[in-house]
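One structure is given below, encoded as C-alpha cells.
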Amino acid sequence: MNLFKYFKDEIVAALARLTEAGTLPGGLDLSKVNAEPPREEAHGDVATNAAMVLAKPAGMKPRDIAEALAAELGAHPAVTAVEVAGPGFINLRLADGFWFERLAEVLAAGTAWGDSTLGQGRKVNVEYVSANPTGPMHIGHARGAVTGDALASLLEKAGFAVAREYYINDAGAQVDVLARSAHLRYREALGEDVGEIPDGLYPGDYLVAVGQELARLHGDRYKAAPETEWLAAFRAHAVTAMMGMIREDLDALGVHHDVFTSERELVEGGKVLAALDFLREHGLIYEGVLEPPKGKLPDDWEPRPQTLFRATRFGDDVDRPLMKSDGSFTYFASDIAYHLDKYRRGFPDMIDVWGADHGGYVKRMQAAVKAVTEGEGALDVKLCQMVNLMKGGQPYKMSKRAGTFVTLRDLVEAVGKDVVRFIMLTRKNDAQLDFDLDKVLEQSRDNPVFYVQYAHARCHSVLRNAAETLPGVDLAAGALAAGPLGRLTDPAELGLIKALAGWPRLVESAAEAHEPHRVAFYLYDLAAAFHGLWNKGKDDARLRFLLDDDRELTMARLGLVRAVASVIASGLSVFGVEPVEEMR
RNA sequence: GCGCCCUUAGCUCAGUUGGAUAGAGCAGCCGCCUUCUAAGCGGCAGGUCGCAGGUUCGAAUCCUGCAGGGCGCGCCA
C-alpha cells in the first residue's frame, strides 16, 4: 500500500464530511490536495497542504480550515498527533503500530512489495536501443539500452502492460553500405587482396566472418558480378548477421526485447505509403519549398520543391520533408509509419529512448504522432546524454581498434553487467554521465553499486548467522512477519521501517515521471539507513541484530533485516541487477 | 540566426511534479575506533539554487528576458 495515497483518500473523505456539516462550502476542487512526507522529520510522518490550497476557493482563512480538518483527522486510529504548522500545513504523526503493520506487509509481499495498480493494465510501448544493424553496440548504446529496459520494468511494477520493442533500421542507405562492405570481405575471403578498406565502407573486422560465410554460401558467383545481382541478398545476410551480434551484445547486458520491428518490412508492406495517404487525406501533405536554414548554410543548398508534412500545425518549427529527391522516403516518413503501426497495434502510449544527438528530432516526431493518431496517441522521448568513460578520474579510451569506438562488450567484460546497469541509472537520462572504470569497482561509500549490494549482503550475512545460532528457528519471511515486530522501538529501527514503507510511493512517482534513476537514489538512501543502524550496533551492543539474551527482540530484528533485503532485491530487480548475498 | 537540454556547497550530484530552516557523497577541519565475515564511525564547517524581473499565501521548481555550456538545424540515420 502507498500510505500517502491512503492518507490522501482519508483527507478527501474528511473534507467531504466537513462539507456535509456545512463547515466548508460545496463544489471545491480537491485536485491540488496532496499528502506527502514532510521534508523535516520533526514535522511528522504525513503532511497535507489541503488548508492552503482550499483557503482561497473556500473564502476562508487557511488556519480555520486546518483546525477543522485537523480535528477530523485526529480521530483516525492510526494518527497519534495532529498539528497545524507554518502557513497552514497539517502534520500527522502515525502510531508505531501502523508502522509495524507496514513491516509485516513488506514481509508478506516479498519482492512484490511496491507493485502497484497505478497503470491499471494500460498498454505502453517502450522502444529502446534501436542501434543500426551495421556493427556491434558501443558504450553510448549501453545507456539507452539500460535506461529503456529499467523504465520498462519500472512501468511493469507500477501496473502497466509493457511491450519492449526494437526498431531495426534496415531500409536506409547505411545498410546498402553494409552490403557493399560485406561484398568486399567476401572477395577477400575468396583470396583477393582488397588492401585498405576504402573510406565510406565499414572497416570493422566483425565483417570478416560475414564475408567468409558469404563465400561459403555463394562461391565466386558474385565476385565480379554487378551490384544489382547481389546487393539485396548480401544486405539481407549481413543485416541478419549484425542483428545476431547485437542480440548477443544485449544478452551480455541482460537486455531483452519482446518485439523487433523491421523498417524494411514496413516499407515493403506498404505501410509507409498508407501512412502518407492518411496524412494526405487529412490535408497534412503538400508540395513546397522550404526556407533555407538560418545561420550556417549547407554548401550545396538550393531551393527545391519537396513533399512536406505540415508539422507546424502540431507544434513543430518548420514543415518536414517526407521524400528524398530520388523519390524514396526519408527516415522521417518511415518513422511516421512505424509510430502509426505501434498505435494501431494498441499502444496509444509510446516511449522512445534516443541518444541526445537526436534531440532535434523530438518535436517533429511528436507532431507526427499527434497528426497520425488524431490526438489520441502520446509520445514521450527520453534523450540519453553522453557517457564519458573515465579511469582514475581521467578521460579514458578503451578501444581495441584505434580510432573506433568502445564496444559494449568490452565494457561488460571489464566491470560486469550488473555494474554497467546500475551505474548507467545513477543519473537522470538528460544529464551527462561519467563512468569511471576504477570507481565503479571500488569498495567504498562513494560507489553506489557497492554500497547498495553491500547492504543486501550484510542482511544475508546476519540471516546466515542467525540460522547457525538459532537452529530450527523458522527465518522465512512469513514466519518473521508474524513475529513480535512491536519490539522495534528504537528510532533508528522505526526510521528504517519508514524508509521501507516509502517504496510503493517511490515506484509510482518514478513510473509516472518515467524516471528510473530515482530508484537508484532510493536504494542508496535505504542502504545508508541500514548501514547506519548496523554501525550503531558497534557502539551500543543493545542495538545489534542478534542478541543472546533476548530471543524475541532478535526475531523482530531479523524481520526488519529480511524486509530490508527484500526491498533492496525488489529495487535491484527493476534495474535487472542480481542482488548478491555475499561480497567477494 | 533558430530550436531543445543543462547551470544547486571547492568537486560529483539529489531535490518527492509549487511547500516549511535547499540535501547527500567526496575533499577540508576536529574527535573516536579495530568489527553481529566486511565499506571505519561521529561531529563541524561549507549556499545570493547562473543573473534580472514576473506569477502566488509560498518558487531551486512555473513564465519572460539575459549570460555561459552541450546537442541539433532541407535528401544522412
Side-chain angles (χ1 to χ4, degrees), chain A residues 4 32 34 36-40 43 47 49 52-53 55-56 62 85-89 91 132 134 169 171-175 263 289-298 300-304 306 308 316-332 335 355-363 383 385-386 393 426-428 430-432 434 436 439 442-448 450-451 454-455 457-458 461-462 464-466 469 502 505-506 509-510 512-513 515 517-518 520-522 524-525 528 531-532 534-539 541 543-547 582-584:
Chain A
F4 298 97
K32 293 183 85 173
N34 66 23
E36 51 186 20
R39 202 172 294 235
E40 289 285 323
H43 290 151
N49 63 356
M52 289 175 291
V53 298
K56 192 181 257 188
F89 287 102
N91 295 325
N132 283 337
T134 55
N169 292 124
Q174 80 285 358
V175 284
E263 179 186 8
V289 181
L290 285 175
E291 294 285 315
K294 302 283 194 291
K296 73 166 192 239
L297 208 58
D300 55 346
W301 168 266
E302 57 186 53
R304 180 181 292 148
Q306 287 175 297
L308 298 169
D316 201 359
D317 308 311
V318 289
D319 292 337
R320 302 292 180 176
L322 298 170
M323 307 267 262
K324 302 181 200 171
S325 51
D326 65 1
S328 62
F329 302 120
T330 59
Y331 178 84
F332 181 46
D335 238 2
D357 54 338
H358 288 58
Y361 211 75
V362 174
K363 270 192 184 181
L383 294 177
Q385 278 290 347
M386 263 176 49
T426 54
R427 290 282 176 273
K428 51 181 168 245
D430 51 11
Q432 288 194 19
D434 289 344
D436 193 308
K439 179 149 279 176
E442 210 171 77
Q443 302 210 341
S444 79
R445 182 166 190 164
D446 204 18
N447 175 9
F450 168 78
Y451 196 62
Y454 182 26
R458 253 185 175 168
S461 167
V462 172
R464 281 192 300 272
N465 281 346
T469 54
R505 179 174 193 263
L506 186 110
S509 63
E512 272 183 316
E515 289 186 350
H517 76 278
R518 292 190 194 186
F521 287 93
Y522 170 81
Y524 186 84
D525 289 343
H531 288 309
W534 174 288
N535 286 321
K536 280 195 167 186
K538 282 185 183 175
D539 295 337
L543 282 174
R544 296 188 174 198
F545 298 114
L546 304 178
L547 302 169
E582 227 170 331
M583 303 301 286
R584 270 161 297 159

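Here is how names work: the chains are called A, B, and so on, in the same order as the sequence lines, proteins then strands, and each is numbered from 1.
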Donor-acceptor pair under 3.5 Å: do we get one between [X]'s side chain and the base of [N]?
X	N	value
A:Asn91	B:A20	yes
A:Arg464	B:U37	yes
A:Arg505	B:U16	yes
A:Asn535	B:A39	yes

(request) Let me have RNA chain B in dot-bracket notation, would you? Count Watson-Crick plus G-U wobble pairs, both distances under 3.5 Å, and use [ ] for pairs crossing earlier ones and | for inter-strand partners. (result) (((((((..((((.....[...)))).(((((.......))))).....(((((..]....))))))))))))....

(request) Give me the ring orientation class for A:Tyr361 and A:Phe332: parallel if the planes are under 30° apart, tilted from 30 to 60°, perpendicular past 60°. (result)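 Aromatic pair A:Tyr361/A:Phe332 classed perpendicular.
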
Checking all strands, does [X] fall into the base, sugar-phosphate, or nothing category for heavy-atom contacts under 4.0 angstrom?
X	result
A:Phe521	sugar-phosphate
A:Ala356	sugar-phosphate
A:Ala173	sugar-phosphate

Rounded distance (Å) that lies between atom [atom2] of [N] and atom [atom1] of [X]:
X	N	atom1	atom2	value
A:Met583	B:U37	CE	C1'	12 Å
A:His517	B:U16	NE2	C1'	11 Å
A:Gln432	B:A14	CD	P	12 Å
A:Gln306	B:C73	CD	C1'	14 Å
A:His531	B:U37	NE2	P	14 Å
A:Lys439	B:C26	NZ	P	10 Å
A:Lys536	B:C36	NZ	C1'	17 Å
A:Tyr361	B:A77	OH	P	10 Å

(message) Check for me: is A:His43 stacked on B:A20 by the 5.5 Å centroid and 30° plane-angle rule?
(response)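 Yes.
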
(request) Determine, for nucleotides 56-61 of chain B in 5'-to-3' order, which nucleotides have protein heavy atoms under 4.0 Å from the base (write B), from only the sugar-phosphate (write S), or from neither (write -). (result) SS--B-

Closest nucleotide among [options] to the [X] side chain:
X	options	value
A:Asp446	B:C6, B:A39, B:C26	B:C26
A:Arg427	B:A14, B:C36, B:A20	B:A14
A:Leu290	B:C6, B:G74, B:A24	B:G74

[X] vs [N]: side-chain N/O to OP1/OP2 distance below 4.0 Å:
X	N	result
A:Lys324	B:C76	yes
A:Ser509	B:U16	no
A:Lys428	B:G15	yes

